[in-house]
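Okay, so here's the structure we're looking at.
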Amino acid sequence: MISSDPDAADRAGRAHVAAKQRGMVLVTSLLLLVVVTILAVGMFRSFGLDEKVAGNVREKHRALNAAETAEQFAEAWLSSGNGANAIVCTTVVPSTQGQVCTNTFASVNISPTTVPWFINGAEVGVSHAPQTPAPMNTTAPSAQDFYYKTPSYYIAYLGTSPGGQGSIYQIDAVGYGAGANTVAVVESTYLVQSSVKDLGGL
């Protein structure tokens with residue numbers, strides 16, 4: 001028997017459209033899931049990169065602080081009247097002894113930024129390990145406060161000041177962070193002179 005229901009074709013058409021719509025919801029949901037996953041992965045990678053940048057900046061500052069400590073120690077050492085005897089420098093000396101060199105880096109074709117400093121195959125400079133507030137840690141690589149190498153400085157005598165009242169020195173200092181690639185070099189020109197000031201009649 002043949003049905004003559006006029007709405008049967010209409011119902012079949014609506015069912016077909018509803019099935020297509022359900023398929024579209026699935027595809028849209030999958031696309032949204034992919035987009036959210038990509039955003040989440042990008043955020044996690046960005047956080048990891050930020051942590052690396054922050055770590056590198058921290059190590060850069062630690063190296064710079066170490067170099068400045070050595071430079072300031074050298075300046076204080078010179079100010080205490082220790083710069084009178086300049087010698088030709090050929091080796092590293094410990095921090096218990098100071099050293100003023102007659103051979104500047106320029107005279108032996110050395111760039112101060114190429115570290116460590118070598119003259120005739122031997123490393124030169126004065127190693128300076130700060131002891132306060134605590135000894136500098138250069139022996140335990142896994143420790144948080146570890147430094148790759150003890151900071152050092154090199155003092156070169158440049159001659160007397162134009163007025164003849166003092167001596168001019170060039171101080172180069174190098175400091176390291178936790179690795180050989182985290183290094184900072186600082187340089188200063190330092191004048192040491194004695195002077196007399198009239199304080200008036202007392």
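Values in this document were obtained by computation on a predicted structure and should not be read as measured data.
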Would you give the length of the straight line joining atom [atom1] of [X] to atom [atom2] of [Y], rounded to the nearest 0.5 angstrom?
X	Y	atom1	atom2	result
T90	Q99	OG1	CD	7.5 Å
W77	H128	CH2	NE2	13.0 Å
N85	T102	CG	OG1	11.5 Å
T91	N120	OG1	CG	11.5 Å
T114	N109	OG1	CG	11.0 Å
L30	L32	CG	CG	9.0 Å

Verify the neighbour count for atom [atom1] of [X]: are there more than 12 heavy atoms of other residues, nucleotides or ligands below 6.0 Å?
X	atom1	answer
N181	CG	no
Q131	CD	yes
D145	CG	yes

Minimum-distance pair of heavy atoms, taken over all atoms of [X] and [Y]:
X	Y	answer
A67	G175	CB-N, 3.4 Å
A70	S152	CB-O, 4.0 Å
T69	P130	CG2-CG, 3.5 Å
C89	V124	O-CG1, 4.2 Å
E123	F118	N-CD2, 3.4 Å
A86	C101	CB-C, 4.5 Å

Scan L158, L191, V100 and name whichever one has a side-chain contact (heavy atoms from CB on, under 4.5 Å) with Y169. V100
Same cluster (ILVMFWY, side-chain, under 4.5 Å), [X] and [Y]:
X	Y	value
Y154	I168	no
V92	M136	no
V174	V108	yes
Y157	I171	yes
V115	I119	yes

4.5 Å side-chain heavy-atom contact, P141 and Y148: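 Side chain of P141 against side chain of Y148, heavy atoms only: no contact under 4.5 Å found.
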Could you tell me whether the side chain of L64 reaches within less than 4.5 Å of the side chain of V186, counting heavy atoms only?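 Result yes, sub-4.5 Å side-chain heavy-atom pair found.
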Quick test of your reading: applying salt bridge (Lys or Arg N to Asp or Glu O under 4.0 Å), list the pairs with at least one residue in residues 62-79, sequence neighbours left out, ordered by first then second residue.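 Qualifying pairs, neighbours excluded: E59-R62.
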For the pair [X] (side chain) and [Y] (backbone), establish whether a donor and an acceptor sit closer than 3.5 Å, ignoring hydrogens and angles.
X	Y	answer
N82	L78	no
T37	L33	yes
D172	E187	no
S80	A76	yes

Which residues satisfy the ring-ring contact (aromatic ring centres under 6.0 Å, His included) test with W117, sequence neighbours excluded? F105
Between S79 and Y190: side-chain donor-acceptor atoms closer than 3.5 Å: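 Yes, because at least one side-chain N or O of S79 sits under 3.5 Å from a partner of the opposite role on Y190.
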